[in-house]
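Below is one structure; the comments refer to it alone.
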There are 2 protein chains.
Amino acid sequence: MHRHSRQRKVILDVLKRTKTHPSADWVYREVKKEIPNISLGTVYRNLKLLQSIGEVTEISCEGNEGRFEGNSHLHYHITCQKCGQIKDVDDIILHDIEGKVARATGFKITNHCVGFAGICPACLE
Amino acid sequence: MHRHSRQRKVILDVLKRTKTHPSADWVYREVKKEIPNISLGTVYRNLKLLQSIGEVTEISCEGNEGRFEGNSHLHYHITCQKCGQIKDVDDIILHDIEGKVARATGFKITNHCVGFAGICPACLE
DNA sequence: AATAATAACAGGAATTATTACTATTATATT
DNA sequence: AATATAATAGTAATAATTCCTGTTATTATT
């Protein structure tokens, strides 16, 4: 059973209000502003716990391991390597890729990581 | 300029002949059978060098960082979250996703990261 | 409100994966 | 064969994460 703790609440708040995809250490430093003696272990433990209850997602694409986000809905993105903008890829384009892979492999799929990088139309000119 | 070394050759041979997606440490232990005093640093250095010349790929999706493969034909990966095995998903299943995304977004795509995670048929029982 | 049970904590040690350093060895070129 | 230096072995260092232990705080129960 989970008890409430101030530490957990502040960690989640920090994640919910940032638009970036911070590392555990960034979260630690941020939470420290409010709870100066928080332990890094507490941050890791809670990031894991919050993941397990679906409040937080760990990004696993594009070498961004160890980055977390509080907005846990699935999405695809494409990054321009020149100007850095990130665009969304319409779900329809990649419709049912999980289903296709599940049928081909026999796996029960629980997660996927789909991301692209390239040069955007504007930068191509 | 690259010189040839026995160490590099054996490391590449080991990777080319395995069907698994080994870690640097597994490669190290395997190469040790042939070159008992090889250094782990040598394995890491060569894995990196072999990557840079396209002989070896490092898997970068779904928390599989640090896994390598010598098989360079296009395919995707699926990882079992229970037993940890990594299997290949043939390109045909997700045929031309890069092209689809390119046409939908107008990007010139140069890189992608596509991987899946779930529970494998054996672990589902 | 006080008590008891234990989840969660802080702080530090331990672990793991990877990289950096340095003196020595091996390879390609002359 | 002599030379220059890429590559090596072995070790130390770094970074990210997890584990451990004694203490604190939260929740349920009285």
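Proteins come first, then strands; the chains are lettered A, B, ... in the order of their sequence lines, and each starts at number 1.
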Distance in angstrom units between [X] [atom1] and [N] [atom2], rounded:
X     : N      : atom1 : atom2 : answer
A:H2  : D:dT27 : NE2   : P     : 13 Å
A:L50 : C:dA8  : CG    : C1'   : 13 Å
A:I11 : C:dA10 : CD1   : C1'   : 13 Å
A:L49 : D:dT18 : CG    : C1'   : 15 Å
A:L47 : C:dA8  : CG    : P     : 15 Å
A:K48 : C:dA7  : NZ    : P     : 18 Å
A:M1  : D:dA25 : CE    : P     : 18 Å
A:R8  : C:dA10 : CZ    : P     : 12 Å

TODO: Would you mind reading off the bend of the helix from C:dA1-D:dT30 to C:dT30-D:dA1 from its two end axes, five pairs each, to 10 degrees?
DONE: 40°
Open item on the list: Counting only heavy atoms and a strict 4.0 angstrom limit, can you tell me which residues of residues 30-43 of chain A come near DNA chain C?
Closed with: A:N37, A:I38, A:S39, A:T42
Open item on the list: Between B:H21 and B:K87, does the side-chain contact (heavy atoms from CB on, under 4.5 Å) criterion hold? Intermediate values first, please.
Closed with: CA-CA 8 Å; B:H21 303 100; B:K87 273 188 150 179; over 6 Å; no
Salt bridge or not between [X] and [Y]? Use side-chain N to carboxylate O under 4.0 Å.
X     : Y     : answer
B:D13 : B:R17 : no
B:K48 : B:E58 : no
B:D25 : B:K32 : no

TODO: Enter the distance from A:R103:CZ to A:I109:CD1 here, rounded to the nearest 0.5 Å.
DONE: 9.5 Å
Task: Heavy-atom side-chain contact between B:T18 and B:V27 under 4.5 Å - done: no
- [ ] Carefully, step by step, assess B:V31 and B:Q7 under the rule side-chain contact (heavy atoms from CB on, under 4.5 Å).
- [x] CA-CA 8 Å; B:V31 173; B:Q7 287 82 348; over 6 Å; no
- [ ] May I ask you to say what A:D25 touches in the nucleic acid, namely base, sugar-phosphate or nothing, with a heavy-atom cut-off under 4.0 Å?
- [x] nothing
- [ ] Verify the cluster assignment for B:F116 and B:I92: are they in a single hydrophobic cluster under the rule of side-chain heavy atoms below 4.5 Å apart?
- [x] no
- [ ] Answer yes or no: does a side-chain N or O of A:Q7 lie under 4.0 Å from OP1 or OP2 of D:dA25?
- [x] no
Task: side-chain N/O B:Y44 vs C:dT19 OP1/OP2, d < 4.0 Å - done: no
Sort me out a list of protein N/O and nucleotides 23-27 of chain C N/O pairs below 3.5 Å, or just none if empty.
| residue | atom | partner | partner atom | Å |
| --- | --- | --- | --- | --- |
| C:dT27 | O2 | B:R3 | NH1 | 2.9 |

Open item on the list: Using only atom types and a distance under 3.5 Å, with no angle test, would you say the side chain of B:R8 pairs donor to acceptor with the backbone of B:T42?
Closed with: no
Task: Sidechain-backbone polar pair: A:T105 side chain, A:V101 backbone, donor-acceptor under 3.5 Å - done: yes
TODO: List the steps, then state whether side-chain contact (heavy atoms from CB on, under 4.5 Å) holds for B:V43 with B:N46.
DONE: CA-CA 5 Å; B:V43 172; B:N46 277 294; over 6 Å; no
